[in-house]
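Have a look at the structure below before the remarks.
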Amino acid sequence: AALLAGVAEYYHLPPFDPTAVGRVVEEGARRASHYHREHLTADLPALRDLAVEAGKLALARHATPSARSTRAARADAATSAAGPATRRAARTAAPLATTAADVEAAIAARRTLQSGQGRLAREMVLSNHEIVPTVGAAVGQINGLGVSISLPVEGRFAIPFRISAAVSPGAERLVDIEREAETADSSHISGTLTMAGYLAWRYGRQRPISVVARLRFEQEHDYTSGPSASAAELFALLSALADVPLRQSLAVTGAMGQHGELQLIGGVNEKIEGFWEICRARRARGERPEGPYGVLIPLANADDLMLRPAVVASIVEEGWFHVWPIPDVDAGLPLLTGLPAATIHARVDRQLREFYELARRPEVLA
């Protein structure tokens, strides 16, 4: 509040009312690192610049003829019982203020100016040049989320990309196609090895894991996913092993541990909003999936949610988009498949048992 009061005084802008202060506080929370979720951002110059832009928008709004006539009408109504002199004084003293709407308009203007790269990426998806289905169900296919972090805050964007898994009997091996092609970074490789640990923990206590699994990040480009895609990879793999389709109207983000827990990731707001943008555009074209659109995120990121008002409205008021914070893999399987997690695990275990028997035959290993 003191920062905004100083901005208004120094730049001769309308004072910031409580709603504007609250909106800037929200923006400060959104910008703060998820490792310091109890704090606001310390990047005060960025908030100062935002406040200046919002204040100038408020000043321009108050300067329009319609705004002046509206303030005069309100002043007249408030002092209708008084004399002409009192009404003139009230009209002159009608307060000018920067409101939350002005702050929101400044943020929206910034986003419009800086989101050109994100718009191009979304157009590639919406024109079907990149395959990202958001309706129906498919075995071994799921939507992951990558985020571009090399841009200014308002220009950062996330784009869904398909992750696919294919399985066959053989000696235990998880083939990360990105790694084999030497395009994966160390965090991506770490996620794949963690997934192998989960298979060993969940299914490998009674017999060796005799499966060759091939995982592919399709059309990921330069967006950052790293270990935050490991949960989506695992869901795709379990779907392929269980031969159970996954709902394509959902996307998943989250790093996983070897015991199936979903762990904290970064950029959760941008990832949710990126998938929401794609779903909103397709919904406007008439697409209607069997269930709602939505994103599964780690429960550990629930306190980091600071979504744009339009996204919140689609969740709370319109109900066509959902966000599910889940603690572990077992909580996500019913949402993605419609079946209990125990059923999926039983089908995976049965398939792995069959692969084990096949892998023991010399001609299969050959």
When you check the gap from the basic side-chain N to the acidic O, do Asp349 and Arg207 get nearer than 4.0 Å?
yes

Under the salt bridge (charged side-chain N to carboxylate O under 4.0 Å, His left out) rule, what do Glu277 and Arg308 come out as? Steps first, then yes or no, please.
CA-CA 11 Å; Glu277 291 277 10; Arg308 285 153 44 189; 2.9 Å; yes

same_hphob_cluster(Leu3, Leu40) at 4.5 Å side-chain heavy-atom cutoff
yes

Taking atom types as modelled, find out whether Thr19 and Asp17 have a side-chain donor-acceptor pair closer than 3.5 angstrom.
yes

Can you confirm whether Pro309 sits close enough to Glu104 that some side-chain heavy atom of one is under 4.5 Å from a side-chain heavy atom of the other?
yes

So Glu270 and Val147, do their side chains get closer than 4.5 Å, heavy atoms only?
yes

Hey, is Glu26 close enough to Arg30 for a salt bridge, meaning N to O under 4.0 Å?
no

Shortest non-hydrogen contact from Ser228 toward Lys271
OG-NZ, 3.0 Å

Please report the shortest heavy-atom distance between Pro169 and Val212, naming the atom on each side.
O-CG2, 4.3 Å

Check Gly294 against Trp324 and note the closest heavy-atom contact, atom names and distance.
CA-CZ3, 3.9 Å

Report yes if some heavy atom in the side chain of Leu335 is under 4.5 Å from a heavy atom in the side chain of Ile326; otherwise report no.
yes

To the closest 0.5 Å, what do you measure between CZ (Arg247) and CG (Leu250)?
4.0 Å

If you round to the nearest 0.5 Å, how far is OH of Tyr198 from CD of Gln258?
12.0 Å

Inspect the contact between Lys56 and Glu53 and indicate whether a charged nitrogen and a carboxylate oxygen are less than 4.0 angstrom apart.
no

Between Asp330 and His345, is a side-chain hydrogen bond (donor to acceptor under 3.5 Å, both in side chains) present by the stated rule, with each step listed?
CA-CA 9 Å; Asp330 285 1; His345 290 309; 2.7 Å; yes

Going only through I, L, V, M, F, W and Y residues with side-chain contacts under 4.5 Å, is there a path from Met306 to Val311?
no

I'd like to know if the side chain of Glu290 and the backbone of Ser249 have a donor-acceptor N/O pair within less than 3.5 Å.
no

Distance-minimising heavy-atom pair for Val167 and Ala240
CG2-O, 4.0 Å

With side chains defined as the heavy atoms from C-beta onward, is the minimum distance between Asn143 and Leu246 less than 4.5 Å?
no

Strictly distance-based, threshold 3.5 Å: is any side-chain N or O of Arg119 a donor or acceptor partner for the main-chain N or O of Thr112?
yes

Do Ile107 and Leu50 touch side chain to side chain, with heavy atoms closer than 4.5 Å?
yes

Step by step, work out the side-chain contact (heavy atoms from CB on, under 4.5 Å) result for Leu339 and Leu333.
CA-CA 7 Å; Leu339 297 175; Leu333 286 172; over 6 Å; no

Check this for me, if you would: do Glu233 and Arg216 make a salt bridge, where the nitrogen-to-carboxylate-oxygen distance has to be below 4.0 angstrom?
no

Would you find a donor on one side and an acceptor on the other, under 3.5 Å apart, between the side chain of Asp304 and the backbone of Asn269?
no

CZ/Arg122 to OG/Ser127 distance, rounded to the nearest 0.5 angstrom?
13.0 Å

Would the distance check show the side chain of Thr98 and the main-chain N or O of Pro14 forming a donor-acceptor pair, the cut-off being under 3.5 Å?
yes

Can you name the nearest heavy-atom pair linking Gly254 to Pro298, along with the distance?
CA-CG, 3.6 Å

Kindly compute the distance separating CD1 (Ile344) from CG (Leu241), expressed to the nearest 0.5 Å.
11.0 Å

Gap separating the CZ atom of Phe235 from the CG atom of Leu296, nearest 0.5 angstrom
6.5 Å

Pairwise side-chain contact, Met256 with Gln263, heavy-atom cut-off 4.5 Å (strictly under)
no

Same cluster (ILVMFWY, side-chain, under 4.5 Å), Val268 and Leu299
no

Is the count of non-hydrogen atoms from other residues, nucleotides or ligands lying under 6.0 Å from Glu287 atom CD greater than 12?
yes

Is there a donor-acceptor pair under 3.5 Å between the side chain of Asp102 and the backbone N or O of Thr99?
yes

Would you say that Cys279 contacts Arg282 through its side chain, given a criterion of any heavy-atom pair below 4.5 Å between the two side chains?
no

Arg214 and Ser168: CA distance, side-chain angles, deciding distance, side-chain hydrogen bond (donor to acceptor under 3.5 Å, both in side chains) verdict:
CA-CA 9 Å; Arg214 298 167 180 84; Ser168 61; 3.2 Å; yes

Can you tell if the side chain of His322 reaches within under 4.5 Å of the side chain of Tyr293, non-hydrogen atoms only?
no

Taking Ser210 for its side chain and Tyr356 for its backbone only, find out whether a donor-acceptor pair lies under 3.5 Å.
no

Determine whether a donor-acceptor pair (N or O, by modelled atom type, separation under 3.5 Å) exists between the side chain of Arg347 and the backbone of Thr343.
no

Quick one: do Leu13 and Val7 satisfy side-chain contact (heavy atoms from CB on, under 4.5 Å)? Show the steps, please.
CA-CA 8 Å; Leu13 298 172; Val7 167; 4.3 Å; yes

Distance from Ser230 atom OG to Leu237 atom CG, nearest 0.5 Å?
12.0 Å

Where do Asn301 and Leu305 land on the side-chain contact (heavy atoms from CB on, under 4.5 Å) test, with the steps shown first?
CA-CA 7 Å; Asn301 282 110; Leu305 292 178; over 6 Å; no

Assess the residue pair Phe321 and Val295 against the criterion (side-chain contact (heavy atoms from CB on, under 4.5 Å)); give the C-alpha distance rounded to whole Å, side-chain angles, the decisive distance to 0.1 Å, and a yes or no.
CA-CA 8 Å; Phe321 194 85; Val295 179; 3.9 Å; yes

Polar side-chain atom of Arg23 near backbone of Ala100 as donor-acceptor pair, under 3.5 Å:
no

Taking every non-hydrogen atom, the tightest pair across Leu262 and Val329
CD1-N, 3.8 Å

